[in-house]
Amino acid sequence: YARRVLEVQEEFKAVQESLHSKENEAKHLRESLEQTKAEKAADAEKLAIEMERMKVQQETNLQAHASLHSGGDVEEDGNDGNAGVALSSEGVANMDSEISRQTAVEKDKSLGDRLKELSSDLGKARDTSALTEQDKIHHANVKEGKDKYKTLKLIRQGNTKKRVNQFEAL
């Protein structure tokens with residue numbers, strides 16, 4: 001009987017220790033959960049502040065952009081009553097570099113020669129019956145030496161009506 005009492009007491013102590021360790025584990029988990037909640041709340045607050053700062057910065061950028069473009073001349077189109085805005089080079093930091101921009105092919109002649117060689121190789125393999133109207137226009141522009149930089153340079157010249165008409169004619 002005394003042995004059985006000792007066994008029950010040892011079993012009771014083991015259960016108590018197990019219960020105590022489980023309570024400690026639960027306590028640590030609760031603390032960890034509270035700490036995580038606090039960190040998430042702090043992160044959410046930081047994100048809200050960052051979003052507000054970015055919103056203010058975006059509004060400032062939009063206002064600056066609008067003020068740059070509102071300085072242009074406004075022309076009235078007599079035909080349909082639509083107003084056009086003359087674009088100006090105000091606010092463009094280095095307009096000379098924009099006007100004198102060159103493609104990589106124009107800068108490196110060997111690259112241009114290699115590109116022409118590859119284009120001719122591809123041209124031999126091309127199925128001319130599958131060409132679209134845009135393909136034909138593109139080939140005509142390439143033969144005339146037109147590229148996007150030259151086209152944009154031409155479009156920037158002249159007044160608004162001339163630029164719009166030239167762009168629509170493309």
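Since the model is a prediction, treat every value here as computed from it, not as a measurement. Only heavy atoms go into these numbers, but all of them, side chains included; no hydrogens, no water, no symmetry mates. Count residues from 1 along the sequence.
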How long is the span from the [atom1] atom in [X] to the [atom2] atom in [Y], to the nearest 0.5 Å?
X: L33; Y: R30; atom1: CG; atom2: CZ; answer: 10.0 Å
X: K22; Y: E17; atom1: NZ; atom2: CD; answer: 13.5 Å
X: H20; Y: Q16; atom1: NE2; atom2: CD; answer: 10.0 Å
X: L122; Y: L115; atom1: CG; atom2: CG; answer: 9.5 Å
X: I49; Y: E45; atom1: CD1; atom2: CD; answer: 5.0 Å
X: F12; Y: L19; atom1: CZ; atom2: CG; answer: 9.5 Å

Hey, does K55 have a side-chain heavy atom less than 4.5 Å from the side chain of E59? yes

Does a side-chain heavy-atom distance below 4.5 Å link K37 with E34? yes

May I ask you to decide if [Y]'s main-chain N or O and [X]'s side chain share a donor-acceptor pair within less than 3.5 Å?
X: K150; Y: G145; result: yes
X: N141; Y: H138; result: no
X: S32; Y: H28; result: no
X: S18; Y: A14; result: no

D135-T132 side chain donor-acceptor pair, cut-off 3.5 Å: yes

Just one of E11, Q9, R4 clears the side-chain contact (heavy atoms from CB on, under 4.5 Å) bar with E7, so which one? R4

Scanning both residues in full, the closest heavy-atom pair of L131 with K136 reads O-CE, 4.1 Å

Closer than 4.0 angstrom, basic N to acidic O: yes or no for E10 and K13? no

Quick test of your reading of the model: are E117 and R114 salt-bridged, counting only N-O distances below 4.0 Å? no

